[in-house]
Amino acid sequence: MKKTFLFLALASIAITSCRKDDVEELAPEVSIETQNSYDNEAAQKFLETHAFDSKGNLKDYVATDTTLVKLASLSPITLPSGVIYVVRPGAQPSPGTTIAGTDILRLMSTSVTYIATNTDSKIAFTSPYVFKNTIAGSGIPEVDPAYFNVKQSVLDNATGDLAKQRGFYEIEGFKEALQKFKAFNIPDESNYNLQGAIIVPSRAAFARDAHFNYSGISFKDRSFVFSFQVYKNTPR
């Protein structure tokens, strides 16, 4: 019996390890310039192959589905940083509240992180990993996410030099693009209607730098794709 339990325990560890390896499977490291190029091309491909559903979630674009409009046809805007944002038509607050970089947000979102790779001469986002999903999770907005703006008290109380830096926590490109949108002013229990998408290339996320352990995996060379709705913002 003990041997059986030992076998099952070892099998469980092996399965868990394999799953983590699947997520963190590392593509051969390329130069930063090449990775940036992969990120750009993969982002453009994502715009061509994805669309918003009726609630603003991102889904595969199917040309025969006349209810879908691919993201590339919704006038995506590319910032100098390489970040791309897409405003979802008919899903913006009126008039809405301007978002500042230090605001406390109540954020409903689904976000996935990818690595842009070149496989058989095809460049695309691969190795998807869910970063945040409040819709499938709690069903209520995330409050004051540190990847948008980390609290000053966290920096002040940190013990290491890296942990005292904003870039250790914040996804710079997400913070930049989100301020192009406006916040709603609705209760947490309100039904969601996501207002847009943001694609952050790895160079505008954590690049190859050390970062806070948000998910138990490394975000080295990883791009992020967010679909979101800012339920409310409050000046800090």
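Everything quoted here is computed from the prediction, not taken from an experiment.
Side-chain contact check for Asn57 and Tyr192: at least one donor-acceptor pair (N or O, by modelled atom type) lies under 3.5 Å. Thr134 and Ser109 are not linked by any side-chain donor-acceptor pair at a separation below 3.5 angstrom, with hydrogens and angles left out of the test. Using modelled atom types and a 3.5 Å distance limit, the side chains of Glu142 and Tyr147 yield a donor-acceptor pair. Judged purely by distance below 3.5 Å, without hydrogens or angles, the side chains of Thr34 and Ser31 pair a donor atom with an acceptor atom. There is a side-chain donor-acceptor pair under 3.5 Å between Asp156 and Gln152. Glu176 and Ser81 share a side-chain donor-acceptor pair at under 3.5 Å. Defined by atom type and a distance below 3.5 Å, a donor-acceptor pair is missing between the side-chain atoms of Thr102 and Asn149. Residues Arg106 and Asn185 have side chains that never bring a donor and an acceptor to within less than 3.5 angstrom of each other.
The shortest non-hydrogen separation linking Ala183 to Val230 is CB-CG1, 3.5 Å. The two residues Gly56 and Ser227 come nearest to each other via the heavy atoms O-CB, 3.9 Å. The two residues Ala158 and Tyr169 make their nearest non-hydrogen contact at CB-OH, 4.4 Å. Lys55 and Asn191 get closest at one heavy-atom pair: NZ-CB, 4.2 Å. Pairing each heavy atom of Lys122 with each of Asn118, the nearest pair is N-OD1, 3.3 Å. When every heavy atom of Arg208 is checked against every heavy atom of Val30, the shortest pair comes out as NH2-O, 2.6 Å.
Looking at Val69 and Leu74, their side chains come closer than 4.5 Å, going by heavy atoms from C-beta outward. The shortest distance between side-chain heavy atoms of Lys132 and Leu107 does not fall below 4.5 Å. Side-chain contact between Arg222 and Ile115 is present, with at least one heavy-atom pair separated by less than 4.5 Å. Proximity of Thr98 to Gln179: side-chain heavy atoms (C-beta onward) are nowhere separated by under 4.5 Å. Taking the side chain as every heavy atom from C-beta outward, Leu194 and Leu58 never approach each other to under 4.5 Å. Looking only at side-chain heavy atoms (C-beta outward), Ile198 and Phe181 come within less than 4.5 Å of each other. With contacts defined as side-chain heavy-atom distances shorter than 4.5 Å, the pair Phe125/Ile199 qualifies. A 4.5 Å side-chain heavy-atom check between Ile77 and Ile84 finds every atom pair outside the cut-off.
Between Asp144 and Arg236 a salt bridge is recorded (basic side-chain N to carboxylate O distance below 4.0 Å). Looking at Lys220 and Glu29, a side-chain N of the basic residue comes within less than 4.0 Å of a carboxylate O on the acidic one, giving a salt bridge.
Side-chain atoms of Glu170 do not come within 3.5 Å of backbone N or O of Lys175 as any donor-acceptor pair. Checking side-chain atoms of Ser138 against main-chain N and O of Ile140 turns up a donor-acceptor pair under 3.5 Å. Although no hydrogens or angles enter the test, the distance criterion places no donor-acceptor pair under 3.5 Å between the side chain of Asp103 and the main chain of Leu105. Under a 3.5 Å cut-off, the side chain of Glu172 and the backbone N or O of Phe148 do not form any donor-acceptor pair. Judged by distance alone, the side chain of Lys70 and the main-chain N or O of Tyr61 form no donor-acceptor pair under 3.5 Å. A donor-acceptor pair is defined here as one N or O able to donate and one able to accept, closer than 3.5 Å; such a pair exists between the side chain of Gln35 and the backbone of Ala116. The backbone N or O of Ser202 sits less than 3.5 Å from a side-chain atom of Ser223, completing a donor-acceptor pair. The closest donor-acceptor contact from the side chain of Asp65 to the backbone of Thr67 lies under 3.5 Å. A distance-only check finds no donor-acceptor pair linking the side chain of Glu48 to the backbone of Gln44 [under 3.5 Å]. Asn40 places no side-chain N or O within 3.5 Å of a backbone atom of Ser37 that could act as its donor or acceptor partner.
Phe184 and Ile135 fall within a single hydrophobic cluster, where Ile, Leu, Val, Met, Phe, Trp and Tyr side chains are chained together by heavy-atom contacts under 4.5 Å. Two different hydrophobic clusters hold Phe46 and Ile123 under the rule that ILVMFWY side chains link at heavy-atom gaps under 4.5 Å. Cluster membership for Val130 and Met108, using ILVMFWY side-chain heavy atoms within less than 4.5 angstrom, is not shared. Linking Ile, Leu, Val, Met, Phe, Trp and Tyr whenever their side-chain heavy atoms come within less than 4.5 Å puts Leu162 and Ile171 in one cluster. Neither Tyr85 nor Val225 shares a network with the other; the hydrophobic side chains, linked directly or stepwise wherever heavy atoms of I, L, V, M, F, W or Y lie under 4.5 Å apart, form separate groups for each.
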Discussion item. Checking Phe174 against Phe224 for the ring pair (Phe, Tyr, Trp, His ring centres under 6.0 Å) test, could you report, in this order, the C-alpha distance in whole Å, the side-chain angles of both residues, the deciding distance, and whether it holds?
Written reply: CA-CA 9 Å; Phe174 175 67; Phe224 289 77; 9.1 Å; no

Discussion item. Between Tyr129 and Ser215, does the side chain to side chain contact (heavy atoms under 4.5 Å, CB included) criterion hold? Intermediate values first, please.
Written reply: CA-CA 9 Å; Tyr129 184 85; Ser215 304; 3.5 Å; yes

Item to complete: Could you give me the CA-CA distance, side-chain angles and deciding distance for Thr117 and Thr126, then say whether side-chain hydrogen bond (donor to acceptor under 3.5 Å, both in side chains) is met?
Response: CA-CA 7 Å; Thr117 59; Thr126 61; 3.2 Å; yes

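Here the options are Ile99, Val87, Leu79, the test is side-chain contact (heavy atoms from CB on, under 4.5 Å), and the partner is Lys180; only Leu79 passes.
Aromatic ring orientation, Phe206 versus Phe219: parallel (interplanar angle below 30°, classes split at 30° and 60°). Ring geometry for Phe212 versus Tyr214: interplanar angle over 60°, hence perpendicular rather than tilted (30 to 60°).
Surrounding NZ of Lys151 are at most 12 heavy atoms belonging to other residues, nucleotides or ligands under 6.0 Å away.
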